[in-house]
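Below you'll find the structure, written out as structure tokens, and then a few comments.
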Amino acid sequence: MKKALKPVLEGLAVGCVFVSITMLFDIPMYMSLVIGALAALGGYRNSIKMDKAKADKAAAAEQKND
């Protein structure tokens with residue numbers, strides 16, 4: 001999977017889960033979509049942050065081994 005595609009897919013997955021959860025309650029559809037969109041944005045940003053932290057940790061471990 002391309003590095004640029006992974007955060008997008010993870011964000012969409014989080015958004016879909018939140019829309020599904022909010023649809024279980026008596027919340028109007030537009031509110032569920034807004035909540036899902038915000039959750040997708042947060043999932044996208046979190047995925048990028050975690051990938052950066054993982055790369056930094058791997059670089060530190062590589063530097064320590066040298």
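Every residue meeting the side chain to side chain contact (heavy atoms under 4.5 Å, CB included) condition with M31, not counting sequence neighbours, appears here in chain and number order: I27, P28.
Clustering of Ile, Leu, Val, Met, Phe, Trp and Tyr by side-chain heavy atoms under 4.5 Å joins L38 with V34.
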Report, one line per pair, each donor and acceptor closer than 3.5 Å where one atom sits in a side chain of residues 10-22; sequence neighbours left out.
| from | atom 1 | to | atom 2 | distance (Å) |
| --- | --- | --- | --- | --- |
| E10 | OE1 | S47 | OG | 2.7 |
| S20 | OG | C16 | O | 2.9 |
| T22 | OG1 | F18 | O | 3.0 |
| T22 | OG1 | V19 | O | 3.0 |
| T22 | OG1 | S32 | OG | 3.1 |

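Sorted pairs that involve residues 35-46 and meet side chain to side chain donor-acceptor pair (under 3.5 Å), not counting sequence neighbours, are lacking altogether. For residues 20-41, no residue pair satisfies the salt bridge (charged side-chain N to carboxylate O under 4.0 Å, His left out) rule, not counting sequence neighbours.
Put simply, L24 and L33 are part of two different groups of oily side chains (I, L, V, M, F, W, Y) that touch within less than 4.5 Å, one to the next.
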